[in-house]
Amino acid sequence: MRTTFCGLELEHPVINGSGTFDAIAALRTFGDALLERFPFAAFVSKTVTVAPRQGNPPPRLWEAPAGLINSIGLPNKGVAGYLEQDLPVLARLPVPLIVNVMGFTREEVATLVATFAEREEVVALELNVSCPNVESGLVMGADPSETAALLDRVRPLTGKPLIVKLTPNAADPGAVALAAQEAGADAVSLINTLKGMALAPDSGEPWLGGGTGGVSGPAVRPIALAQVADVAERVTIPVVGMGGVQSGRDADALLRAGATLVAVGTESFRDPLAAARITSELADLRGISPAKDGAIRKTRLRVA
């Protein structure tokens, strides 16, 4: 189950999707027991932007028949607040820390990359390219030339691995992945959420405060599998697969499709220790005994 990813030696191939596991809140709840039994092989932080963001107005979540629609809006303290308040706490985690960053211009992304390039606590950066470039009007991750231009700008700023998180709302995600690779990306991750909407039953108006939101959960699993398989055939860099992973069998399917790592997202909202169970189930599928691999443990956390 030990896995090498972008030069990082990980205990197993299961990590978290950005923004789907609040490690700081979990530490407050479970205390040091979480550090001893952390469910992920690496931790991906929620998205950090240059300036603080309040996020979208409520309501922010809609439970769909086979998943979730979220319109969170990427609330965060901004890079200065993250460095002062969040990073010291996340640096305590017993696994490598990957920071997810997003900007509305290439220069904003460059500022974030350059800032985190200097922080030893951060081993890699994930670039969230699902937002529009306000200068061109194009979604950075939906257009291969936009993606390449972004990598051309930020690649010289750091030697840390750069992971490009692809949007599924692109005409050809494989072409975007290839452009990212050719411009210097070390890995790609996919899929991000798909655009969706829910209507209030009484008024027929959009339920979510942001109007639309991102669809995740088991409903998107077949789409994730298809896009991961397509991207893995077109690039030689590692692929992080995610989208509706609920079991070890789901994780195994993405690995068989060409992923190097698998990320658990929406399932962690229902079960904070889902990743530990999924890792154990994956080991069972591959005939690996938990007794032979200390990274795989079925465990229970107690509230501190």
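It should be emphasised that the depicted structure is a prediction, and the values quoted were computed from it without experimental measurement. Position 1 is the first residue of the sequence; numbering continues from there.
Using a 4.5 Å cut-off between side-chain heavy atoms of Ile, Leu, Val, Met, Phe, Trp and Tyr, with links allowed through other members, Val240 and Ile237 fall into different hydrophobic clusters. Put simply, Leu285 and Ile288 are part of two different groups of oily side chains (I, L, V, M, F, W, Y) that touch within less than 4.5 Å, one to the next. Taking hydrophobic clusters as Ile, Leu, Val, Met, Phe, Trp and Tyr residues chained together by side-chain heavy-atom distances below 4.5 Å, Val228 shares a cluster with Ile278. Tracing side-chain contacts under 4.5 Å through hydrophobic residues (I, L, V, M, F, W, Y), one never reaches Ile98 starting from Phe21; they form parts of separate clusters. Under the 4.5 Å side-chain heavy-atom criterion for grouping Ile, Leu, Val, Met, Phe, Trp and Tyr, Ile24 is connected to Leu87 within one hydrophobic cluster.
Across all their heavy atoms, Ala170 and Gly141 have their closest contact at CB-O, 4.2 Å. Residue Asp186 comes nearest to Pro161 through the heavy atom pair OD2-CA, 3.2 Å, listed as atom of the first residue, atom of the second, then distance. When all heavy atoms of Pro206 and Gly211 are compared, the closest pair comes out as CB-O, 3.7 Å. Taking both residues in full, the closest heavy atoms of Ala263 and Val245 are given as O-CG2, 3.9 Å, listed atom of the first, atom of the second, then distance. Of all non-hydrogen atoms in Leu157 and Ala117, the two that sit nearest each other are O-CB, 3.6 Å. Residues Ala275 and Pro39 come closest through the heavy atom pair CB-O, 3.5 Å.
Proximity of Glu121 to Leu90: side-chain heavy atoms (C-beta onward) are nowhere separated by under 4.5 Å. Looking at heavy atoms from C-beta onward, Thr115 lies out of side-chain contact with Val50 at the 4.5 angstrom threshold. Inter-residue side-chain proximity for Ser268 and Phe40 is flagged as met; some heavy-atom pair is nearer than 4.5 Å. At least one side-chain heavy atom of Leu93 sits under 4.5 Å from a side-chain heavy atom of Leu27. Within the 4.5 Å cutoff, the side chain of Thr260 has no heavy atoms near those of the Pro13 side chain. Between Val262 and Asp250 the shortest side-chain heavy-atom distance does not fall below 4.5 Å. Put simply, the side chain of Thr47 reaches to within 4.5 Å of the side chain of Ser18, judged on heavy atoms. Residues Leu10 and Pro96 meet the side-chain proximity criterion, which asks for heavy atoms closer than 4.5 Å.
Residues satisfying the side chain to side chain donor-acceptor pair (under 3.5 Å) test with Thr193, not counting sequence neighbours, are none. Every residue two or more places apart in sequence or in another chain that forms a side-chain contact (heavy atoms from CB on, under 4.5 Å) with Thr4 is listed here: Glu9. In this structure Phe116 satisfies the ring pair (Phe, Tyr, Trp, His ring centres under 6.0 Å) test together with Tyr82, sequence neighbours excluded. Contacts of Pro94 classified as side-chain contact (heavy atoms from CB on, under 4.5 Å), with partners at least two apart in sequence or in another chain: Leu35, Phe38. For Glu108, the salt bridge (charged side-chain N to carboxylate O under 4.0 Å, His left out) test picks out no residue, with sequence neighbours left out. With sequence neighbours excluded, the residues satisfying side chain to side chain donor-acceptor pair (under 3.5 Å) with Glu126 are Asn100, Ser189.
Thr212 OG1 to Asn70 CG: the interatomic distance, rounded to the nearest 0.5 Å, is 10.0 Å. To the nearest 0.5 Å, atom CZ of residue Phe104 and atom CE of residue Met140 are 8.5 Å apart. For the atom pair OG1 of Thr20 and CD1 of Ile72, the computed distance is 11.5 Å after rounding to the nearest 0.5 Å. Rounded to the nearest 0.5 angstrom, Gln181 CD and Thr147 OG1 are separated by 13.0 Å. Once rounded to the nearest 0.5 Å, the distance linking CE of Met242 with NZ of Lys165 reads 4.5 Å. Rounded to the nearest 0.5 angstrom, His12 NE2 and Thr279 OG1 are separated by 4.5 Å.
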task = Check the pair Val79 / Thr111 against side chain to side chain contact (heavy atoms under 4.5 Å, CB included), numbers first and verdict last.
result = CA-CA 9 Å; Val79 65; Thr111 296; 5.7 Å; no

inquiry  = Please determine whether side chain to side chain contact (heavy atoms under 4.5 Å, CB included) holds for the pair Val154 and Thr158, giving the CA-CA distance in whole Å, both sets of side-chain angles, and the decisive distance to 0.1 Å.
reply    = CA-CA 8 Å; Val154 303; Thr158 182; over 6 Å; no

request  = Check the pair Leu225 / Leu254 against side chain to side chain contact (heavy atoms under 4.5 Å, CB included), numbers first and verdict last.
outcome  = CA-CA 6 Å; Leu225 191 61; Leu254 286 170; 4.0 Å; yes

request  = Would you please test Leu150 and Glu146 for side chain to side chain contact (heavy atoms under 4.5 Å, CB included) and show each step?
outcome  = CA-CA 6 Å; Leu150 175 64; Glu146 279 284 328; over 6 Å; no

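Contact check on Asp252 versus Arg286 returns a salt bridge, with a Lys/Arg side-chain nitrogen under 4.0 Å from an Asp/Glu carboxylate oxygen.
Through direct or relayed side-chain contacts under 4.5 Å between Ile, Leu, Val, Met, Phe, Trp and Tyr, Leu199 connects to Met197.
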Please set out all donor-acceptor pairs under 3.5 angstrom arising from side-chain atoms of residues 214-221, sequence neighbours excluded.
{"unit_1": "Ser216", "atom_1": "OG", "unit_2": "Thr266", "atom_2": "OG1", "d": "2.6"}
{"unit_1": "Arg221", "atom_1": "NE", "unit_2": "Gly244", "atom_2": "O", "d": "2.8"}
{"unit_1": "Arg221", "atom_1": "NH2", "unit_2": "Gly244", "atom_2": "O", "d": "3.1"}
{"unit_1": "Arg221", "atom_1": "NH2", "unit_2": "Gln246", "atom_2": "OE1", "d": "2.8"}

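Formation of a donor-acceptor pair under 3.5 Å by the Arg153 side chain with backbone atoms of Arg106 is not found in this model. Looking only at distances, no side-chain donor or acceptor of Ser280 sits under 3.5 Å from a matching main-chain atom of Ala276. For Thr3 (side chain) and Met1 (main-chain N/O), a donor-acceptor pair under 3.5 Å exists by modelled atom type.
A salt bridge (charged side-chain N to carboxylate O under 4.0 Å, His left out) check over residues 53-77, counting only residues at least two apart or in different chains, returns the pairs Lys77-Asp86. Listed by first and then second residue, the salt bridge (charged side-chain N to carboxylate O under 4.0 Å, His left out) pairs involving residues 170-183 are Asp172-Arg234 (not counting sequence neighbours). Judged as a salt bridge (charged side-chain N to carboxylate O under 4.0 Å, His left out), not a single pair has a partner in residues 187-203 (not counting sequence neighbours). For residues 87-100, the salt bridge (charged side-chain N to carboxylate O under 4.0 Å, His left out) pairs, not counting sequence neighbours, are Asp32-Arg92.
Of the candidates Val164, Leu166, Val176, Leu190 forms a side-chain contact (heavy atoms from CB on, under 4.5 Å) with just one, namely Leu166. For the side-chain contact (heavy atoms from CB on, under 4.5 Å) with Val48, the lone residue among Leu74, Asn76, Leu83 that qualifies is Asn76.
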